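Reviewing the structure listed below.
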Amino acid sequence: MNDDQIHWFSIVNSLMIVLFLSGMVAMIMLRTLYRDISRYNELETQEEAQEETGWKLVHGDVFRPPSNSDLLCVYVGTGVQFLGMVLVTMIFAVFGFLSPSNRGGLMTAMLLLWVFMGIFAGYASTRLYKMFKGAEWKKLAFRTACMFPGIVFAIFFVLNAIIWGQKSSGAVPFGTMFALVLMWFGISVPLVFVGGYVGFKKPAIEDPVRTNKIPRQIPEQAWYMNPTFSILIGGILPFGAVFIELFFILTSIWLNQFYYIFGFLFLVFIILLITCAEITIVLCYFQLCSEDYLWWWRSYLTSGSSALYLFLYATFYFFTKLEITKLVSGLLYFGYMLIASYAFFVLTGTIGFYACFWFTRLIYSSVKID
């Protein structure tokens, strides 16, 4: 067991990041937006109307469905499922229903919750799909039910096959594998379809502004507004907010120390949610101000890119803290860390996406557009 002081230090460190970001968001929301909106809503003379700049200019394109919109729906649905699972697991752990000394119990609870959260995944993805004027919701629900678990299961299966080859006792027996597949196709998939049906039956979400027939040209962007650059910058802060806690989690998984402090973990998780939402809103606002309206995927990837830093940190941890020499053990470590990073990507990306979605709807519904 480690002492609590480091955890308090990490919480304070994360809270500083959050306060800084919240300050920025509040400033943007209040000063800039209030000024923008009041300026846009004043009765302009004709000359002024022709010289509009900033985010109001792209109002006819901002809700244009993105390319690969189906895939975005699938990922958002999966993220909602994941968010539900993590939240409920954390709450159970904080109240002491899940004992950290019984690791299998934690894992089982997470898997069961994942399966039952499928209903929310289907609902979230088809709601979005209907907004993008999609028609084939069954196909989409099926993809939502199979894509993320399929990729994870494939990696898991390969890793397990490697352990089998080593004749290790740590391999997951065939019966358990079969039970997992049964849970996935017997409970999760039908629930995703139920959620999808309900979501698709609801009236589509209305856009606050009309979308133009012809997409407008995006002007030349400055180097720092380059998508790759801003996406990579966006991932640093959410990762910075959790990385000290991450060290303890990695240590508890790989070096067999127990992790008891779920209260801290819950705090850090809440901080992570807020950080992801705020950094994405800030970057999205700058992007819209420079008249670039392709925010759908970018909002997802901006906060999702923190998963890349997570994987890099896991690699760093492997070479500095763990004394693993066998190839198989190394493969296992990186395989499981890849799964964890992928899950983290889906989780943080969805938070960023919903934050941006709410933000753009809010600002465009408050300006008067002729």
Side-chain angles (χ1 to χ4, degrees), residues 55-84 117-148 191-216 218 227 231 273 276-277 280-281 283-285 287-288 291-304 345-369:
W55 52 266
K56 188 178 174 192
L57 270 182
V58 292
H59 69 81
D61 294 282
V62 79
F63 293 109
R64 185 182 301 287
S67 52
N68 294 340
S69 57
D70 299 8
L71 192 63
L72 184 66
C73 297
V74 168
Y75 267 112
V76 168
T78 307
V80 169
Q81 186 174 4
F82 211 81
L83 186 65
M117 288 292 166
I119 193 158
F120 296 112
Y123 180 79
S125 58
T126 49
R127 281 287 279 172
L128 199 62
Y129 185 62
K130 192 164 184 182
M131 194 184 114
F132 291 149
K133 312 270 188 294
E136 303 176 335
W137 70 269
K138 293 191 184 91
K139 211 187 218 169
L140 186 88
F142 186 70
R143 279 174 68 182
T144 309
C146 295
M147 183 150 167
F148 179 83
L191 278 178
V192 173
F193 270 94
V194 170
Y197 177 77
V198 175
F200 202 73
K201 276 285 165 277
K202 286 230 162 160
I205 305 168
E206 290 295 321
D207 295 333
V209 286
R210 277 203 313 275
T211 303
N212 295 340
K213 292 276 186 290
I214 302 158
R216 60 177 277 138
I218 299 172
I231 283 171
L273 296 192
C276 285
T280 321
I281 287 177
L283 289 171
C284 178
Y285 175 75
Q287 182 190 344
L288 290 173
E291 297 173 33
D292 178 357
Y293 52 83
L294 303 171
W295 63 273
W296 298 99
W297 270 109
R298 212 148 123 187
S299 64
Y300 197 96
L301 295 171
T302 298
S303 53
F345 165 73
V346 171
L347 176 74
T348 48
T350 303
I351 298 159
F353 172 80
Y354 271 122
C356 253
F357 184 60
W358 169 80
F359 174 73
T360 43
R361 293 180 68 82
L362 184 79
I363 63 174
Y364 283 100
S365 56
S366 55
V367 290
K368 289 209 286 279
I369 288 151

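Just so we're clear, the structure is a prediction, and the values are computed from it rather than from any experiment.
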Nearest atoms (heavy-atom pairs only) where T360 meets C284: CG2-SG, 4.2 Å

With K138 via salt bridge (charged side-chain N to carboxylate O under 4.0 Å, His left out) - residues at least two apart: none

Whether F200 and Y129 hold their rings parallel, tilted or perpendicular, with breakpoints at 30° and 60°: tilted

Side chain to side chain contact (heavy atoms under 4.5 Å, CB included) evaluation trace for F82 with M117: CA-CA 8 Å; F82 211 81; M117 288 292 166; over 6 Å; no

Minimum heavy-atom distance R298-D292, with the two atoms named: NH1-OD2, 3.0 Å

Taking every non-hydrogen atom, the tightest pair across M131 and R361: SD-NH1, 4.4 Å

Full working for side chain to side chain contact (heavy atoms under 4.5 Å, CB included) between L362 and S366: CA-CA 7 Å; L362 184 79; S366 55; 5.8 Å; no

Inter-residue atom distance I205.CD1 - F63.CZ, 0.5 Å rounding: 10.5 Å

With sequence neighbours excluded, residues passing side chain to side chain contact (heavy atoms under 4.5 Å, CB included) with Y293: V58, D61, P215, R216, I218

Min side-chain heavy-atom separation L71-M147 under 4.5 Å: yes

Minimum side-chain heavy-atom gap Y123-V80 below 4.5 Å: no

Working for side chain to side chain contact (heavy atoms under 4.5 Å, CB included), residues V198 and I119: CA-CA 9 Å; V198 175; I119 193 158; over 6 Å; no

Beyond-backbone contact of F345 with L301, side-chain heavy atoms, under 4.5 angstrom: yes

Check ion pair K139-D70 (N to O, under 4.0 angstrom): no

With sequence neighbours excluded, residues passing side chain to side chain donor-acceptor pair (under 3.5 Å) with T280: none

Qualifying residues under side chain to side chain donor-acceptor pair (under 3.5 Å), relative to T144, sequence neighbours excluded: S125

Atom pair CG/CG of L294 and L288 - distance to nearest 0.5 Å: 10.0 Å

Derivation and outcome, side chain to side chain contact (heavy atoms under 4.5 Å, CB included), residues D207 and Y364: CA-CA 9 Å; D207 295 333; Y364 283 100; over 6 Å; no

Side chain to side chain donor-acceptor pair (under 3.5 Å) against R127, all qualifying residues, sequence neighbours excluded: none

Other residues, nucleotides, ligands: >12 heavy atoms within 6.0 Å of F357 CZ: yes

Which residues share a side chain to side chain contact (heavy atoms under 4.5 Å, CB included) with L72, sequence neighbours left out: P66, V76, F132, W296, W297, Y300, F353

Sole candidate of T78, T348, V346, L347 that passes side-chain contact (heavy atoms from CB on, under 4.5 Å) when paired with L83: L347

Heavy-atom closest pair, residues I351 and C276: CG2-CB, 3.9 Å

Minimal non-hydrogen separation, S303 against G349, with atom names: OG-CA, 3.7 Å

Nearest-0.5 Å distance that lies between atom OG1 in T302 and atom CD in Q287: 7.5 Å

